[in-house]
Each structure stands twice: as structure tokens, then as C-alpha cells.
Amino acid sequence: MSVLRGIGKIPGQIASWLGERFELEDSVLAVLRHPVPRELERPVGWWYVFGSATLAVFVVQVATGVGLAMTYVPAPNSAYDSLQFISHDATLGAVVRGIHYFGAGAMVVLVLIHMTQVYLFGAFKFPREANWLSGSLLLLAVLAMAFTGQLLRWDQDAFWSIVVAAEQAAQAPLIGDWLAHLVVAGANVGGATLTRFYATHVFLIPAATFGLIGIHLYLVVKRGISEPPVAGVGVDRRTYRRRYEEILGRGIPFWPDAAWRDAAISAVVVVIVVVLAALIGAPALGRAPDPTVVIADPRPDWYFLGYFALLALIPPATEAIVIIGLPLLAFVFLFLVPIFWPDGERHWSRRPVAIAAVALPFIAYASLTVAGLQSPWVPLLEGANLPTSVTAGLEPQAARGAQLFTAKSCWACHQIDGSGGRKGPDLSHVAARLTRERLVARIAGGGGGMPAFAGSLAPQELDDLTTFLFTRK
Ligand code: HEC
């Protein structure tokens with residue numbers, strides 16, 4: 001018996017050994033037990049859990065991401081195969097990929113709920129402006145992770161999504177070409193693009209995210225968790241700090257009195273992610289990427305779908321402005337929020353404009369997402385259609401050739417009259433420098449960065465294409 005009692009004491013002894021060696025009492029434990037407003041014990045406390053839940057899923061993303069990186073090969077010839085191996089052969093590979101996929105969606109959703117709560121509770125106001133600003137940068141990091149992660153799938157859809165994204169980015173005024181070059185890491189989507197996305201996804205953004213989370217949590221502890229807003233009681237910069245001291249004077253320790261809710265919701269969210277991953281799994285991989293085949297469905301993952309639907313629905317002339325302008329506007333707004341409204345009324349019932357500022361974009365984006373889900377996804381790309389100056393008045397055979405020019409993705413690499421990609425030479429006046437025989441040879445044989453099309457064009461199609469290009473004198 002006494003032996004058992006002796007063993008029972010061991011965990012306590014280990015804890016006190018660790019506590020003394022690492023001075024946990026006035027570091028970690030002090031932070032865990034820091035006082036928070038007493039109101040958090042009430043049901044309103046359930047609104048305060050989404051930051052912790054986001055952090056919990058982030059930890060899951062780091063763990064599963066490291067797991068995936070152990071096997072994934074970020075090279076254009078191997079990426080697709082290594083993902084096939086992860087999805088079908090590696091032990092638990094499919095589940096880990098699924099967790100990473102649903103975790104990414106959960107991060108986007110949780111960050112947005114967390115920011116909405118902070119915004120509607122007026123918790124971004126004095127003295128917590130910097131919490132909000134670091135949080136806005138974290139939102140940017142989460143979205144950038146979601147975007148770069150999708151290309152790493154390196155299947156047809158991923159490949160062509162980036163081609164579409166780059167073509168769209170290139171339309172932006174002034175910085176378009178530069179931006180497209182930055183995203184694609186060259187003139188065309190290829191190995192360099194994959195390497196750039198991989199390095200950005202596993203080194204650059206995570207490093208920035210760790211730093212930002214550090215700042216964000218430091219500020220949360222230092223500035224204290226905001227008390228639930230009371231209608232009619234606003235923030236006055238001269239008196240707020242003193243009033244908050246009083247609130248904390250009657251406060252409760254964060255752990256365990258308030259934090260059990262964070263722990264409970266975090267656990268629920270992680271369980272949901274794991275269950276979805278086990279039941280549904282990560283999206284099936286499409287075919288291996290092939291620049292000679294334009295697939296019709298370069299859909300982004302669901303949380304970006306609304307934005308791509310918007311770009312497809314608006315008149316093409318406005319696309320160049322909207323593509324950069326809208327996200328830019330949204331983020332400028334986020335950054336200006338605590339600078340324009342640092343004090344005054346916090347309660348949402350006294351801030352109808354704030355409610356509209358949340359509800360209207362939400363409804364708009366939800367409708368766009370539904371539109372994006374329903375429409376057979378064909379983005380309205382200028383590059384996907386040759387300008388009428390090229391197609392007008394063509395003989396039937398040449399017209400068929402012009403159609404093949406886009407259908408066979410020649411436009412992705414070649415420009416004609418200013419429309420199309422820039423990897424290959426401009427073909428506006430190709431017939432002036434090449435004979436018909438040279439044209440056929442170049443298309444069928446490829447080489448020097450040009451794919452060989454002999455295998456994927458029927459002789460009649462090759463003839464149509466050549467006839468069309470031969471009109472370009
Ligand atoms: C993946 C990008 C890519 C695709 C897709 C592509 N090309 Fe090319 N193409 C190139 C590159 C790069 C060159 C230049 C090769 C060189 O200089 O050796 C080229 C060269 C050519 C040339 C020779 C131009 C000249 O002035 O010498 C012709 C003609 C041509 N391509 C036609 C086509 C046609 C027709 C298609 C569609 C069936 C097509 N290309 C698809 C990248 C591409």
C-alpha cells in the first residue's frame with residue numbers, strides 16, 4: 001500500500017520539480033491565471049472562445065503539415081505522384097491530408113467568426129488597437145496559406161487555377177505584369193511556380209504567422225480580455241484603463257474559470273475536423289497537370305469561390321480594377337477600423353452601421369459562393385477568347401483553327417494581337433517569319449519550352465491550326 005501511495009505522489013513531485021527548475025509559477029502559470037472580467041463566467045463568455053479555437057486548429061495544421069512535408073516532393077515531376085502515394089498508400093496519409101484540408105477551411109471560418117465577434121463587441125477599441133492590427137495581418141496570413149496550399153496539389157485543377165489567377169492578376173492596372181510574375185515565378189506556370197509556392201507555404205508565411213501569433217497573444221495578455229460591452233457605456237481614452245483595473249479587481253482567473261470554455265470548444269472543433277477528414281477525406285486529385293490540355297473546371301476551394309464568381313460575373317472591363325481593388329479596399333478598411341473608431345460606443349445595438357458592415361458583405365459573399373457553386377465554372381478570361389480583330393472574316397477551316405488555338409491552350413503561352421500568355425513568342429505575325437512546313441514542324445515537334453503536340457492533335461486539327469496561323473502575316 002505504501003508503495004502505491006508513493007507512486008501516487010510522483011506526478012506531483014515531477015510537477016514541483018519542473019515548476020521550480022523552469023520558474024513556471026511567475027511565468028506560464030501567472031499568464032494562465034491572469035485575471036479576466038467576471039462577466040466571462042456568464043453565457044456571453046461563449047463568444048470569447050473563437051480565438052483559442054483558431055489557435056488550436058493552427059497547431060493541428062502545423063502538425064499535419066509537417067507530416068505531409070515528410071513525404072511530399074515539391075518538384076513538378078514528383079509532386080503529383082507523391083500526393084497520390086500519400087492519399088492511397090501511406091499509413092494514415094489520406095486522413096492526415098484530410099485533416100490538413102478541413103483544418104484549412106476551419107481556420108478561414110474561425111478567424112472570420114473571431115474577427116466578427118471582436119468587431120461587433122467593439123473590442124478593437126482603445127487600448128487594444130494593436131491586437132486588431134496584428135489580427136488583421138493574421139487573417140492575411142491565413143488566406144495566403146489557403147491560396148498557396150491549393151497549388152501544392154499540383155493536379156490539373158490546381159495548375160489551371162494558378163494559370164487563371166495569374167492571367168487575372170496580370171490584368172490589374174500598373175502592377176499587373178509584375179504581380180503575375182511574382183505569383184508565377186516566371187512567365188509561365190511551371191516548376192519554378194511550384195517551388196515558390198512551396199517555400200512560401202512552408203517557410204515564409206508560417207514564420208511570419210508564428211511571430212504574429214506571439215505578438216497577438218502577448219497583447220491579449222498585456223491589454224487584458226475586453227469586458228462584454230454594455231449599451232450606453234463607451235470607451236473614454238482618459239478613464240478606460242482605470243475602469244478596466246477596477247473590473248479586473250473583481251475579476252476571475254482565466255484558468256480554469258474562463259478557459260474551460262476555450263478548451264471545450266477547441267476540442268469540439270478539432271474533433272469535427274478529424275471526423276470530416278475520416279468520413280469525407282481531402283478532395284480527390286484530378287489528373288496530372290498537362291499544359292496541352294485545358295480542363296474546364298479550375299475551381300478554387302469553396303472559401304475563395306465567391307471571389308472567383310464575382311470576377312466571372314462582372315463586366316470584363318471592370319475586372320482589372322476589381323481583382324486587386326476589392327481585396328485592397330477590404331484590407332485598408334480592416335486597418336483603418338481601430339484608427340477611425342478608437343473610442344466611443346462599443347455595444348452592437350448602438351452601432352447599426354457596424355452591423356450592416358458585417359451583414360451586407362456576408363450576404364453578398366454567400367450569394368456569390370452559391371452562384372459559383374452552381375455555374376459550370378468557366379472563367380471569363382480575355383486570354384481564353386481571341387479578340388474579334390483576329391477571328392473576324394476567317395474562312396471556315398481557319399476559324400476552326402482559331403478555336404483550337406484556345407481549346408488546345410496555345411493561348412496560355414502565345415499572344416495574338418495582345419491576347420494570351422507570354423511564355424512563347426508572340427504569334428501575331430508568325431506567318432511572316434515561318435513557312436507552312438516550319439509551322440507544322442514547330443507545333444508537332446515542340447522543343448525549347450514548347451510542348452510537342454503531335455500526340456494530342458489529330459492531323460486534321462493540326463492542318464486547321466496551321467491554316468489559321470498562316471493567316472497571321
Ligand atoms: C507551355 C507553353 C506553350 C504552349 C501551350 C504552346 N506553345 Fe508554342 N511555343 C512555346 C515556346 C516557349 C516557344 C518558343 C520555342 C523556341 O524558341 O524554341 C514556342 C514556339 C512556337 C512556334 C514557333 C514560333 C516562332 O516564331 O518560331 C509556333 C508556331 C507555336 N509555338 C505554336 C503553338 C501552337 C499552335 C500551340 C497550340 C497547339 C502552342 N504553340 C502551344 C510555348 C508554348
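These numbers were taken from a predicted model, which means no experiment stands behind them. Just so you know, ligand 1 is whichever comes first in the structure, and atom 1 is the first atom listed for that ligand.
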Relative to the heavy atoms of L469, which atoms of ligand 1 are at a distance of less than 4.0 Å?
35 (C)
Euclidean distance, L138 CG relative to L55 CG, rounded to 0.5 Å:
10.0 Å
State the CG-OG1 distance between L404 and T467, to the nearest 0.5 angstrom.
10.5 Å
Looking at H414, which of its N, O or S atoms is the nearest one to atom 8 (Fe) of ligand 1?
NE2
Give the atoms of ligand 1, by number and element, whose distance to some non-hydrogen atom of L465 is under 4.0 Å.
38 (C)
Nearest heavy-atom contact between V322 and Y307 is O-OH, 3.8 Å
For the OG atom of S456 and the CD atom of E461, what is their distance to the nearest 0.5 Å?
8.5 Å
Which value, rounded to the nearest 0.5 Å, describes the distance between I205 atom CD1 and T148 atom OG1?
4.0 Å
Going from CG on L92 to OG1 on T64, what distance comes out if it is rounded to the nearest 0.5 angstrom?
12.5 Å
Ligand 1 and R442, any nitrogen or oxygen pair closer than 3.5 angstrom?
yes
Per-atom contacts, ligand 1 versus C410 - under 4.0 Å to a heavy atom
34 (C), 35 (C), 36 (C), 37 (C), 38 (C), 39 (C), 41 (C)
Atom indices of ligand 1, in the order listed, that fall short of 4.0 Å to a heavy atom of L439
29 (C)
I443 heavy atoms, cut-off 4.0 Å: which ligand 1 atoms fall inside?
32 (C), 35 (C)
If you draw the axis of the six-membered ring of F470, does the NZ or CZ of K473 fall within 45° of it and under 6.0 Å from the ring centre?
yes
Which atoms from ligand 1 have a heavy atom of R433 less than 4.0 Å away?
25 (C), 26 (O)
So which bit of L404 gets within less than 4.0 Å of ligand 1, heavy atoms only: side chain, backbone, both or neither?
neither
